[in-house]
Colleague: 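Okay, here's the structure, questions in a sec.
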Amino acid sequence: MRTATLGPAERTVALAAMAERELDVLVVGAGVVGAGTALDAATRGLSTGLVEARDWASGTSSRSSKLIHGGLRYLEMLDFALVREALKERGLLLERLAPHLVKPVPFLYPLQHKGWERLYAGSGVALYDAMSVSSGHGRGLPVHRHLSRKHALRVAPALKKDALVGALQYYDAQMDDARFVTELVRTAASYGAQVANQARVTGFLREGERVVGALVQDVEGGTEYEIRAKQVVNATGVWTDDTQGLIGERGQFHVRASKGIHLVVPKDRIHSSTGLILRTEKSVLFVIPWGRHWIIGTTDTDWDLDKAHPAASSADIDYLLQHVNSVLNTPLTRDDVQGVYAGLRPLLAGESDATSKLSREHTVAHPAPGLVVVAGGKYTTYRVMAKDAVDEAVHGLDQRVAACVTEDTPLLGAEGYKALWNARARIAARTGLHVARVEHLLNRYGSMTEEILELILADPTLGEPLPAADDYLRAEIVYAASHEGARHLDDVLTRRTRISIETFDRGTRSARLCAELMAPVLGWDEGRIDREVQHYEKRVEAERESQRQPDDLTADAARLGAPDIVPI
């Protein structure tokens, strides 16, 4: 493999290389599905390009519930195939593909009815565990257990006594979704894919009815490139219909956006050693452990406003607080909320009964020669979606192509992670970092942690934590710009780290120092630093204002009060 460094120079080289000669596959959109598709294509030996209009995972793929799960509630819908597929993928990620990023997480399901509910819910969870083990990749997680009310309250003292008569505890998995996508992109690059963010598709190249590539604009430099490819894959999620519109073809299905919002609160606000899963009148509500925080979500409402910056309204926040407070001894208030984020699920909405039933499943289509579309699906099954998309693209290639190998291709940082984890005390002694800091780095970068440590060795001040966000070291900010493709302050505070949702100031107190750390890597002068900081502060204020608004329309208008630093 070649280097996986994604700095400014590598981005420039990648854009020029993509325009220089015809690619086998060009992937549009670097969310989890697009990044996975680029990795799948590259590891089959195909010349591959990946372009993203904004930042890696800047849409849906950085705004999820951060769960890798089989979808327990889909069992109730009798969607066994979807659950079985997702459980296999969960096991692969935990055991082989990304053990440094994907971790087990326990959930407590409070029972509210004696007798029948324990039998009903217990049967479902038992089937969930059995399907996990039968997939061949589920032995790494503990099996579920039945708890009495007394035992459940010892595990989760935050619960009201009258909120349950007993409980079930089971395990799923979680990850930092944006970090996961960044590592997917870097892994694709390490296998030869040319990748570039801030590179927007403005149109498709055609010869007759065939799509033969795309016009791609460097959003920051303004240069437009003609990138030719034998097959183009549209993996733009909730933007699928917009991207399809560039070729004027009527799609075989449509993608509907459903908004889900999440709250982030400090760990000490909910006294529990386990996550919670609660039933609501519409779906389920998760309370998910997240380092020194809890993530509470989610909602599920139609959204037909701005796709780039979906806004959480005051009504959304009240909905989550009301439901979680119904089971908590000490209710949460608005003052307890550190962060709020909103994302859009790309749900398939077909024009016929056959496609409208797809919902959380995915589909792949070939609406025009040379163009493949992949849409729908769940984060957990991204690898299957990517495989199906490349399989479809291969049909249009006049060459023999190897089968998918991503089931056996670990992400960068996975190889050697367990050995380094076992040696974390020695690493701490060698570097002078506290062992907790080393663990933090290993669980974010895996074996790539050595690259962070090299930065600190060259400049010991980078081993110091950020004063206003001390979970993160200064070296991580530099590394985001030099190795992970971060182009703007917003990329670092929102996606390479989670400072924007993990601090009460939402990253504003860290903004200037982070911009100053990025500046030497990206060639910023004082004026550019000021501009990046001001833009970020305006973004935070616009988000706060949107969260004070009563409904989606007013929240959307308030959020759009802060323009993008680079207009798209």
Colleague: Just to verify, which of Val181, Thr182, Asn197 counts as forming a side chain to side chain contact (heavy atoms under 4.5 Å, CB included) with Asp55?
Modeller: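 With Asp55 as partner, Val181, Thr182, Asn197 yield a single side chain to side chain contact (heavy atoms under 4.5 Å, CB included), made by Asn197.
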
Colleague: Can you confirm whether the side chains of Gln547 and Glu543 place a donor and an acceptor under 3.5 Å from each other?
Modeller: no

Colleague: Under a 3.5 Å cutoff, is there a donor and acceptor pairing between the side chains of Ser258 and Arg345?
Modeller: yes

Colleague: What's the separation between atom CE in Met175 and atom CG in Leu94, rounded to the nearest 0.5 Å?
Modeller: 11.0 Å

Colleague: Where the side chain of Arg506 meets the backbone of Gln338, is there a donor-acceptor pair that is under 3.5 Å apart?
Modeller: yes

Colleague: Is it the case that the side chains of Thr243 and Thr236 hold a donor-acceptor pair, with the cut-off being a distance below 3.5 Å and no angle test?
Modeller: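 There is such a pair (donor and acceptor under 3.5 Å, judged by atom type) between the side chains of Thr236 and Thr243.
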
Colleague: Salt-bridge test for Asp177 and Arg63: reply yes if a basic N is under 4.0 Å from a carboxylate O, no otherwise.
Modeller: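 Salt bridge flag = no for Arg63 with Asp177.
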
Colleague: Look at Arg444 together with Glu476 and state whether they make a salt bridge at an N to O cut-off of under 4.0 Å.
Modeller: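 Yes.
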
Colleague: Is a side-chain donor or acceptor of Trp56 paired with a backbone partner of Val32 at a separation under 3.5 angstrom?
Modeller: no

Colleague: Can you tell whether the side chains of Asp40 and Lys387 come within less than 4.0 Å, N to carboxylate O?
Modeller: no

Colleague: Looking at the rings of Tyr472 and His440, which for Trp means the six-membered one, are their centres under 6.0 Å apart?
Modeller: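 Ring centres of His440 and Tyr472 closer than 6.0 Å.
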
Colleague: Has Lys538 got more than 12 heavy atoms of other residues, nucleotides or ligands less than 6.0 Å from its NZ?
Modeller: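 For Lys538, atom NZ is not crowded (no more than 12 foreign heavy atoms under 6.0 Å).
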
Colleague: Does the distance from a Lys or Arg side-chain N to an Asp or Glu carboxylate O, for Glu451 and Arg186, drop under 4.0 Å?
Modeller: yes

Colleague: Is the shortest distance from a Lys or Arg side-chain nitrogen in Arg96 or Asp408 to a carboxylate oxygen in the other one below 4.0 Å?
Modeller: yes

Colleague: Between the side chains of Gln217 and Arg200, does any donor sit under 3.5 Å from an acceptor?
Modeller: yes

Colleague: Taking salt bridge (Lys or Arg N to Asp or Glu O under 4.0 Å) as the criterion, tell me which of Glu532, Glu52, Glu220 meets it with Arg487.
Modeller: Glu220

Colleague: Do the charged groups of Arg430 and Glu450 touch, with an N to O distance under 4.0 Å?
Modeller: yes

Colleague: Report yes if the distance between the aromatic ring centroids of Phe107 and Phe286 is under 6.0 Å, otherwise no.
Modeller: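 Yes, the ring of Phe107 comes within the 6.0 Å limit of the ring of Phe286, centre to centre.
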
Colleague: Is it the case that Asp564 and His535 place a side-chain donor and acceptor less than 3.5 Å from each other?
Modeller: no

Colleague: Within the 3.5 Å criterion, strictly below it, is a donor on Thr380 or His69 matched to an acceptor on the partner's side chain?
Modeller: no

Colleague: Inspect the contact between Arg548 and Glu541 and indicate whether a charged nitrogen and a carboxylate oxygen are less than 4.0 angstrom apart.
Modeller: yes

Colleague: Counting heavy atoms not belonging to Glu415, are there more than 12 under 6.0 Å from its CD?
Modeller: no

Colleague: For a 4.5 angstrom cut-off between non-hydrogen side-chain atoms, does Trp239 reach Asn234?
Modeller: no

Colleague: Does the side chain of Val492 reach to within under 4.5 Å of the side chain of Met518, using non-hydrogen atoms?
Modeller: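 In contact.
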
Colleague: Between Tyr417 and Tyr445 (judged by ring centroids, cut-off 6.0 Å), do the two rings come close enough to count as a pair?
Modeller: no

Colleague: Drop me the distance from Arg383's CZ to Leu184's CG, to the nearest 0.5 angstrom.
Modeller: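 Going from CZ on Arg383 over to CG on Leu184, the span is 11.5 Å.
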
Colleague: Do we see a donor-acceptor contact under 3.5 Å between the side chains of Trp290 and Glu502?
Modeller: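 Yes, because at least one side-chain N or O of Trp290 sits under 3.5 Å from a partner of the opposite role on Glu502.
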
Colleague: Taking atom types as modelled and ignoring hydrogens, do the side chains of Ser314 and Arg334 form a donor-acceptor contact shorter than 3.5 angstrom?
Modeller: yes

Colleague: State whether the side chain of Thr299 and the backbone N or O of Ile261 hold a donor-acceptor pair below 3.5 Å, judged by distance alone.
Modeller: yes

Colleague: Applying the salt bridge (Lys or Arg N to Asp or Glu O under 4.0 Å) criterion to Lys259, which one of Asp300, Asp306, Asp552 satisfies it?
Modeller: Asp552

Colleague: Between the main-chain N or O of His488 and the side-chain N or O of Asp491, is there a donor-acceptor pair closer than 3.5 Å?
Modeller: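 Present.
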
Colleague: Do Asp470 and Arg292 sit within salt-bridge range, that is, some charged N less than 4.0 Å from a carboxylate O?
Modeller: yes

